[in-house]
Amino acid sequence: MKASPLRIGVLGCAGIAWRRMLPAITANPDVTLTAVASRSETKARRFTDRFGGEPVVGYERLLERADVDAVYVPLPALLHGDWIDRALRAGKHVLSEKPLAATLKQATALVDLARERGLVLLESFMFLTHSQHTRVRELIADGVIGELRSLTAEFAFPQKSADDIRYLPDVGGGALTDIGVYPVRTALLYLGSQLDVLGASLHYDEALGVDLGGAALIGRADGVTAHLTWGMEHSYRSRYALWGSSGHISAHWAYTPPPTHSPVLRIERQDRVEELTLPAEDQFGNVVAAFVARVVDGVPSSLEGESVLTQAALVDRVRERALVRP
Ligand SMILES: NC(=O)c1ccc[n+]([C@@H]2O[C@H](COP(=O)([O-])OP(=O)(O)OC[C@H]3O[C@@H](n4cnc5c(N)ncnc54)[C@H](OP(=O)(O)O)[C@@H]3O)[C@@H](O)[C@H]2O)c1
């Protein structure tokens, strides 16, 4: 039994907070939403009218509040590092939208700071908490596809409105930062951390100053490869597949299944094709529960399977190796 709910404040009235994370936060009885900060009072009030808590103008003002134990940071990707740093220095636990930081150097500094201060710092890579991926891992461990030979992972969405944060080079930072991190994380999840970037390509828009999509070939010393593709100028796709010596498993709607969606795993073998329909799950609710468990109960999070630092290092290497084409 917990003594009192974890008091959470939110930095920024982001679309993802409105659509997915605040419904999950307010549904969790172990959390209280204390305050929502925005650069605009009108926006903050719109959020608190729906979800509760007090509207606050300015993120710094929220960090000064004694009635906030933890913050959720759904700011544009390139602002995460600075505001996570300020939140940790203000003594708050942090749940940050992905990616936690723009570079390995920044991610390392933040992880070190959280450790020094004894605070929880969790990257909200919500897909990792969905049990459909646990099921895939079990199937592989049971030998359903034989020995793993390769992986493909694809995540892309169509062009967004021209003022979207992702097109701002110093704010959202482009496609690799925003969406390429999902396929990269998938490679780490299934192939482990000892990976080399064998080649990469980024489609760079000179006028905007950001990359709009890309691909990478990543490999392990034993020859197992991952071919990753991402973008924000494509038709929607959110899937990955693992190909082994005797079968193939694919996960459809792998990264952003709504809470009502029952995921389907397709298993293809020499003599049969099967589809496993799994229970629907709210992966945002899972992230909130994992965060609360870490803060309140000191329970290690299931999100720690693959380190945020390994991911940041791999993203850095993709960027360094990439052939940039207009
Ligand atoms: N986990 C997921 O499934 C998922 C899905 C989508 C996005 N995300 C991540 O969540 C974050 C937010 O994405 P989003 O699509 O929700 O963004 P969004 O709707 O544009 O919201 C970002 C918020 O950041 C604040 N902000 C502060 N400085 C800003 C600036 N210079 N320009 C624009 N906004 C600024 C704004 O809040 P105020 O105006 O209230 O201050 C804005 O509402 C990103 O890191 C993204 O990668 C995660």
Side-chain angles (χ1 to χ4, degrees), residues 9-25 35-51 53 55-63 71-84 86-87 94-102 106-107 122-130 155-185 210 230-232 236 238 253-259 261 281-288 290-291 303 308 311-312 315:
V10 178
L11 299 185
C13 294
I16 190 63
W18 179 267
R19 289 194 310 277
R20 304 293 295 272
M21 189 56 98
L22 285 180
I25 284 177
V36 178
S38 172
R39 297 165 303 167
S40 135
E41 185 174 355
T42 313
K43 281 173 86 175
R45 280 200 186 282
R46 177 172 171 257
F47 271 57
T48 54
D49 284 351
R50 177 176 169 198
F51 296 110
V56 175
V57 180
Y59 309 144
E60 200 65 67
R61 294 271 302 280
L62 186 142
L63 295 181
V71 291
Y72 166 55
V73 180
L75 294 170
L78 299 191
L79 309 189
H80 292 170
D82 182 33
W83 283 102
I84 292 171
R86 294 189 201 205
V94 177
L95 174 63
S96 170
E97 268 307 330
K98 39 53 62 175
L100 189 73
Q106 194 179 45
L122 193 61
E123 182 182 51
S124 177
F125 231 139
M126 69 300 150
F127 88 93
L128 295 170
T129 68
H130 198 298
F155 193 18
F157 48 73
Q159 193 172 356
K160 292 189 175 273
S161 65
D163 59 353
D164 191 273
I165 54 170
R166 292 158 186 80
Y167 302 126
L168 301 173
D170 300 326
V171 177
L176 174 58
T177 301
D178 188 80
I179 191 166
V181 289
Y182 286 85
V184 167
R185 189 67 162 205
V210 295
W230 61 89
M232 43 192 203
Y236 185 80
S238 166
W253 214 342
Y255 301 117
T256 55
H261 174 71
E281 226 173 76
D282 179 9
Q283 54 189 19
F284 282 82
N286 291 346
V287 166
V288 175
F291 182 62
L303 305 193
V308 70
Q311 174 192 305
V315 171

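Start at 1 and go down the list; that is how both ligands and their atoms are numbered.
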Chemist: Hey, is the main chain of Y255 close enough, under 3.5 Å, to the side chain of Q283 for a donor-acceptor pair?
Modeler: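 Checked: pair present.
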Chemist: Counting heavy atoms only, which of P74, G12, P76 is nearest atom 24 (O) of ligand 1?
Modeler: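 Result: the heavy atom closest to atom 24 (O) of ligand 1 is in P76.
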Chemist: Which one holds for D164 and ligand 1: side chain close, backbone close, both close, or neither close, with close meaning a heavy atom under 4.0 Å?
Modeler: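 Under 4.0 Å from ligand 1, D164 contributes no heavy atoms.
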Chemist: Which atom pair, heavy atoms only, marks the closest approach of A24 to V288?
Modeler: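 For A24 and V288, the tightest heavy-atom pair comes out as CB-CG2, 4.0 Å.
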Chemist: Tell me whether T256 reaches ligand 1 (any heavy atom closer than 4.0 angstrom to a ligand atom).
Modeler: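 No, that is not the case, since the closest heavy atom of the residue is not under 4.0 Å from the ligand.
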Chemist: Before signing off on this row, confirm whether I165 and ligand 1 have an N or O atom pair separated by under 3.5 Å.
Modeler: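 So ligand 1 has no N or O lying under 3.5 Å from an N or O of I165.
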Chemist: How far does CZ of F284 sit from CE of M21, to the nearest 0.5 angstrom?
Modeler: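 These two atoms lie 6.0 Å from each other.
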Chemist: Could you tell me whether some N/O pair between R19 and ligand 1 is separated by less than 3.5 angstrom?
Modeler: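 The answer is no, given that R19 and ligand 1 share no N or O pair closer than 3.5 Å.
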Chemist: Does atom CZ (R45) have a neighbourhood of more than 12 heavy atoms from anything else shown, all under 6.0 Å?
Modeler: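 Atom CZ in R45 is not crowded, with 12 or fewer foreign heavy atoms closer than 6.0 Å.
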Chemist: Among all protein non-hydrogen atoms, which one is nearest to atom 29 (C) of ligand 1, and what is the separation to 0.1 Å?
Modeler: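 I find the closest protein heavy atom is R39 NH1, 3.2 Å.
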Chemist: So is Y182 touching ligand 1 or not, going by heavy atoms under 4.0 Å?
Modeler: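 Y182 counts as a contact of ligand 1 under the 4.0 Å cut-off.
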Chemist: Judged on heavy-atom distance to atom 39 (O) of ligand 1, which of E97, K43, R46 sits nearest?
Modeler: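 The residue whose heavy atom sits nearest atom 39 (O) of ligand 1 is K43.
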Chemist: Give the ring-plane orientation class for W253 versus H261, where under 30° counts as parallel, over 60° as perpendicular and anything between as tilted.
Modeler: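 W253 vs H261 ring planes: tilted.
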Chemist: Contact between ligand 1 and R166 is defined here as a heavy atom of the residue under 4.0 Å from a ligand atom; is it met?
Modeler: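 True for this residue.
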Chemist: Just checking, K160 and F157: is the charged tip under 6.0 Å from the six-membered ring centre and within 45° of the axis?
Modeler: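 Because its charged atom sits under 6.0 Å from the ring centre and within 45° of the axis, K160 does stack over F157.
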Chemist: Which protein heavy atom lies closest to atom 18 (P) of ligand 1, and at what distance to 0.1 Å?
Modeler: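 Ranking protein heavy atoms by distance from atom 18 (P) of ligand 1, first comes G15 N, 3.8 Å.
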Chemist: Taking a cutoff of less than 4.0 Å between a non-hydrogen atom of the residue and any ligand atom, is H80 in contact with ligand 1?
Modeler: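 Contact check H80 vs ligand 1: positive.
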Chemist: Quick one: does R50's side chain have a donor or acceptor within less than 3.5 Å of a partner on W18's backbone?
Modeler: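 Flag set: sc R50 to bb W18 pair under 3.5 Å.
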Chemist: Backbone, side chain, both or neither: what part of F125 comes under 4.0 angstrom of ligand 1, heavy atoms only?
Modeler: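 No part of F125 comes within reach of ligand 1.
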Chemist: Write down the atom of V210, the atom of G174, and the distance for their closest heavy-atom approach.
Modeler: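 Nearest heavy atoms, V210 then G174: CB-CA, 3.8 Å.
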Chemist: Y236 and T256: side-chain hydrogen bond (donor to acceptor under 3.5 Å, both in side chains), yes or no, with the steps?
Modeler: CA-CA 11 Å; Y236 185 80; T256 55; 2.5 Å; yes
Chemist: If you measure every N or O of F284 against every N or O of ligand 1, does any of those distances drop under 3.5 Å?
Modeler: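 N/O-N/O distance below 3.5 Å does not exist for this pair.
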Chemist: Identify the protein heavy atom lying closest to atom 25 (C) of ligand 1, giving its residue, its atom name and the separation to 0.1 Å.
Modeler: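 Of the protein heavy atoms, Y59 OH, 3.3 Å lies nearest.
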Chemist: Compute the centroid of each ring, for Y182 and then for W230, and state whether the two points are separated by less than 6.0 Å.
Modeler: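 No, they do not, as the ring centres are separated by 6.0 Å or more.
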Chemist: Any idea which protein heavy atom is nearest atom 40 (O) of ligand 1, and the distance to it?
Modeler: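 Result for atom 40 (O) of ligand 1: S38 OG, 2.6 Å.
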Chemist: Is there a heavy atom of F127 sitting under 4.0 angstrom from any atom of ligand 1?
Modeler: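 False for this residue.
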Chemist: Below 3.5 angstrom, do we get any N/O pair linking I16 and ligand 1?
Modeler: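 Yes, since at least one N or O of I16 sits under 3.5 Å from an N or O of ligand 1.
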